[in-house]
Amino acid sequence: MNNDRVFQMDFGKVYGLLLDKAVRKGRTREEVDQIVCWLTGYRPEQLEAARSAAVPYGDFFRNAPRPNPNRALIRGVVCGVRVEEIEDPLMREIRYLDKLVDELAKGKAMEKILRAPEEPEPWVCPRCGRSFRRAGQSHYCGQPPETIEDYIAAQPEQARDYLRQVNAAIRASLPEAREKISWSMPTYWKGRNLIQFAASRRHIGLYPGPEAVAAFADRLTEYRTSKGTIQLPYSKPLPLELIGEIAKWCEQNA
């Protein structure tokens, strides 16, 4: 069929044909509407208005408010053509709907019809066997450290001296706090976790909490911060006095 003839067809009539196809196979109008709204971004009341207003089929798709970005995941053959190979963008949108309703009529579950990006396979560390979403994600292999010194000794060589300096600055400011490992990170605890730190690939992460970061914001302008985290890059000298002040603030405001 000529594309222009398809584009000029009455949307309401085409909708009726798609609905009949689905209902004959035991599916419902609600499911058809869900598919159309998912694909185009129309709200149910907008869909009903278009169905009743003799809107050209092509215009229905041209004016779609929010075409679903995941519609590009729709693949396969419908009406004798492979939808992902259709060159005309507007006709491809139309065949997307044909394909989804065809799947509905064939009994496919709605959660499969409404495409979602596939979750990537988790990356499994070959040393410790733990799974992570990101390949090569930094983590501690082996048995969890029992002390802060155990943690530091297990880190890459470039990080160890920085970690020991940070630890010394915090210990000097919090002599009464207990040293422990919490969430696999060095932690100073006094009734609660006061402050934590950890090694990353390019920086030491200091974790005093969002209130502390806000309190010292004017003195942290040369460091990257976010939601309770301060990044201390290996490329800069450590602000040891400031680290001690932040640790003390955390104790006083616990």
Side-chain angles (χ1 to χ4, degrees), residues 69 116-254:
E118 293 184 4
E119 286 290 326
E121 287 293 322
W123 174 72
V124 178
C125 175
R127 291 179 59 194
C128 66
R130 294 169 60 192
S131 298
F132 300 90
R133 295 184 65 182
R134 187 175 71 249
Q137 182 168 320
S138 177
H139 66 286
Y140 179 76
C141 283
Q143 292 297 317
E146 295 184 2
T147 67
I148 291 179
E149 189 53 43
D150 287 344
Y151 173 90
I152 293 173
Q155 302 310 309
E157 185 175 353
Q158 69 157 349
R160 292 175 200 160
D161 183 54
Y162 289 88
L163 290 166
R164 289 192 175 99
Q165 290 183 62
V166 170
N167 189 43
I170 296 174
R171 184 191 294 130
S173 292
L174 303 176
E176 298 180 4
R178 175 187 164 197
E179 299 180 28
K180 59 184 286 190
I181 299 294
S182 180
W183 296 96
S184 299
M185 289 188 291
T187 302
Y188 279 77
W189 186 90
K190 190 177 180 181
R192 70 175 184 87
N193 289 347
L194 299 178
I195 189 168
Q196 298 176 288
F197 61 96
S200 292
R201 187 174 299 175
R202 296 185 177 87
H203 66 268
I204 302 296
L206 188 67
Y207 306 98
E211 293 84 3
V213 172
F216 288 86
D218 60 336
R219 298 175 63 187
L220 293 169
T221 54
E222 61 180 294
Y223 301 100
R224 182 172 296 179
T225 63
S226 64
K227 258 188 127 176
T229 302
I230 303 166
Q231 295 185 9
L232 306 171
Y234 299 130
S235 58
K236 294 182 179 180
L238 288 167
L240 297 176
E241 182 178 347
L242 178 58
I243 292 171
E245 290 181 39
I246 293 172
K248 194 65 178 177
W249 186 97
C250 291
E251 180 184 41
Q252 294 171 346
N253 293 272

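Just the heavy atoms: all of them, side chains too, but no hydrogens, waters or symmetry mates, feed the values below.
Annotation: side chain of E211 is not in contact with side chain of N253 (no heavy-atom distance under 4.5 Å). At a threshold of 4.5 Å between non-hydrogen side-chain atoms, the residues Y223 and P239 count as touching. Within the 4.5 Å cutoff, the side chain of Y151 has heavy atoms near those of the L163 side chain.
Here the closest heavy-atom approach between residue L220 and residue V213 is recorded as CD1-O, 4.0 Å. Closest non-hydrogen pair, I148 versus K180, comes out as CG1-O, 3.9 Å. Contact between E149 and R164 at its shortest, heavy atoms only, is OE2-NH2, 2.9 Å. Of all heavy-atom pairs spanning Y234 and S200, the tightest one is OH-O, 2.8 Å. Here the closest heavy-atom approach between residue N193 and residue Q196 is recorded as ND2-NE2, 4.1 Å. Of all non-hydrogen atoms in L232 and I243, the two that sit nearest each other are CD1-CD1, 3.7 Å.
To the nearest 0.5 Å, the span separating SG on C250 from CZ on R192 amounts to 7.0 Å. Separation of atoms CG (L238) and OH (Y162) is listed at 6.5 Å; rounding is to 0.5 Å. The NE2 atom of H203 sits 11.0 Å away from the OG atom of S235 when rounded to the nearest 0.5 Å. Rounded to the nearest 0.5 Å, atoms CD1 (I230) and CZ (R224) are 14.0 Å apart. Expressed to the nearest 0.5 Å, how far CD1 of I195 lies from NZ of K190 amounts to 14.0 Å. For the atom pair CG (L194) and CD1 (I170), the distance works out to 10.0 Å, reported to the nearest 0.5 Å.
The pair K248-E245 does not meet the salt-bridge criterion, since no charged nitrogen lies less than 4.0 angstrom from a carboxylate oxygen.
For the pair E251 (side chain) and L174 (backbone), a donor-acceptor distance under 3.5 Å is absent. Using a distance-only test at 3.5 Å, with no hydrogens or angles considered, a donor-acceptor pair links the side chain of K236 to the main chain of E222. T147 places a side-chain N or O within donor-acceptor distance of the main-chain N or O of D150, the cut-off being under 3.5 Å. Proximity of a side-chain donor or acceptor of E241 to a complementary backbone N or O of A169 within less than 3.5 Å is not detected.
Using a 3.5 Å distance cut-off with no hydrogens or angles, the side chains of N167 and Y188 do pair a donor with an acceptor.
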